[in-house]
Amino acid sequence: MRALVVDDSRAMRSLLRQILLQLGIEVAEAAEGRAAIDLVEAGPVPELVLVDWHMPVMDGLELVTELRAHKEWRHMAIMMVTTESEHENMVRALLAGANEYLIKPFTADAVVEKLSLLGLHCATVPAGDSYGGATQP
Amino acid sequence: MTTATAEDFQYLQGFLLDRSAIVLSEDKQYLVETRLLPVVQRHGVESITDLVRAIRRGDKTVETAVVDAMTTNETSWFRDAAPFDALRNLVLPELVASNVTRRRLAIWSAACSTGQELYSVAMLLDSEFSDLASWRVDLHGTDLSTTVVQRARTGSFTALEINRGLPATLLVRYFRREGAQFVIADSIRSRVRFELFNLARPWPPMQDYDVILLRNVLIYFDVETKRDVLERVRGRLRPGGFLLLGTAETTRGLVDGFRPIPVGATTVFRREES
Ligand SMILES: C[S@@+](CC[C@H](N)C(=O)[O-])C[C@H]1O[C@@H](n2cnc3c(N)ncnc32)[C@H](O)[C@@H]1O
């Protein structure tokens with residue numbers, strides 16, 4: 001599986017890259033929406049795009065709108081990954097065509113669970129509870 | 001002093017077993033330290049030994065704080081997905097059919113932590129089982145830890161918690177933001193009830209349930225306690241009712257009277273008609 005991470009923070013891109021790589025997902029990066037469109041057009045088309053909201057040049061909401069304007073990319077899953085969590089804005093992003101929403105800050109477990117909500121199953125066993133209880137007979 | 005002495009540890013093992021049935025194995029000394037140091041600080045004492053002294057003296061506040069700190073409250077929305085698919089696709093449709101004349105449904109989340117499990121069920125019922133709107137539906141959540149029960153009642157969650165498995169469509173439909181918190185709609189919160197409840201102690205008289213979620217709690221108990229709790233859970237399930245366990249848990253080899261039914265990626269346990 002291929003993912004495209006779109007975020008103007010290099011640290012955030014590298015955090016997401018690490019998490020996704022551990023799940024066996026290939027990762028491309030873009031620092032804003034315009035560059036992301038160029039990458040998708042150049043191909044290969046990613047199955048998953050992670051989109052920050054506030055970015056220079058083309059912001060996340062515009063990017064989602066633009067991606068969804070292309071019928072041939074309609075199978076692509078789009079997840080917002082952003083500090084933006086005003087109710088009204090979350091609704092706008094979903095209406096524009098985002099499929100999921102992850103609010104910063106987040107844990108790696110949350111990313112795995114969101115991917116499973118998106119129907120993208122990846123090579124992982126989420127960390128269960130670990131504690132001193134007796135194991136099952 | 002940041003470490004627990006061997007005597008402290010031994011005392012705490014016995015105390016925890018007695019109060020919560022939680023088994024603290026020998027290799028869990030680090031856990032006692034990381035979990036209890038914040039309690040030491042909050043109570044303005046010097047050490048874990050001081051906490052143990054306070055418990056020996058019968059200080060109820062410290063007892064509660066220590067039990068709370070030693071419980072593992074890890075949870076998430078629609079945890080593991082498959083059990084909730086089983087509710088959606090098999091359990092609830094069956095119960096809606098079999099209870100259609102009674103028009104009642106009762107569900108118990110028996111180790112509910114901060115409430116995500118029960119609220120997930122409540123949102124599932126509200127969004128996908130509108131037939132039930134005119135039924136009497138009891139949604140009860142219970143836990144041993146005072147802190148988590150209080151938190152569950154507020155229905156207020158941090159972004160970190162909201163991110164854990166809650167579909168975005170349900171987030172925008174059922175939550176409003178208040179400062180840094182996300183608060184669940186009153187229409188959902190008013191339908192659930194949370195109480196303190198110790199599974200390992202004698203149970204008060206209580207109603208029967210159609211569904212009991214007993215998820216990710218048996219793992220902390222020894223075999224005797226698992227068996228005893230499962231037997232009592234069976235006694236509180238209506239014939240034909242369903243028990244949902246955690247991924248690593250089963251009734252097999254522990255208790256009779258349940259029929260395992262595989263559903264998708266999980267197994268639910270149905271109480272046999274007696
Ligand atoms: C890991 S959480 C599971 C929460 C939820 N059922 C889930 O699966 O996500 C375990 C919970 O069991 C509770 N617990 C531990 N011992 C208990 C006991 N003796 N009686 C009732 N609850 C207990 C803890 O306080 C904790 O909130």
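Order of the sequence lines sets the chain letters (A, B, ...), proteins ahead of strands, with each chain counted from 1. The structure displayed is predicted, hence computed values, not measured ones.
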Chain A heavy atoms under 4.5 Å from Thr225(B): which part of the residue, side chain, backbone, both or neither?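 Answer is neither: Thr225(B) stays 4.5 Å or more from chain A.
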Which portion of Phe182(B) sits near chain A, non-hydrogen atoms under 4.5 angstrom: side chain
Are more than 12 heavy atoms from other residues, nucleotides or ligands located less than 6.0 Å from atom CZ of Arg259(B)? no
More than 12 heavy atoms of other residues, nucleotides or ligands under 6.0 Å from CD of Gln10(B): yes or no?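 Incorrect, the count does not exceed 12.
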Taking Pro167(B)'s backbone N and O only, do any of them form a donor-acceptor pair with Glu100(A)'s side chain (distance below 3.5 Å, no angle check)? no
Tell me the closest heavy-atom pair linking Gly165(B) and Glu113(A), and the distance in Å. N-OE1, 3.5 Å
In terms of heavy-atom pairs under 4.5 Å with chain B, the winner among Ile103(A), Asn99(A), Val111(A) is Ile103(A)
Which pairs, with at least one residue in residues 32-41 of chain A and sequence neighbours excluded, count as a side-chain hydrogen bond (donor to acceptor under 3.5 Å, both in side chains)?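 Pairs touching residues 32-41 of chain A that pass the test: none.
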How about Leu166(B) and Leu117(A): do any of their side-chain heavy atoms sit closer than 4.5 Å?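 Not in contact.
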Within residues 56-95 of chain A, contacts to chain B at heavy-atom distances under 4.5 Å involve Ser85(A), Glu86(A), His87(A), Met90(A), Val91(A), Leu94(A)
Quick one: of Leu160(B), Thr158(B), Val172(B), Asn163(B), who has the most non-hydrogen atom pairs under 4.5 Å with chain A? Asn163(B)
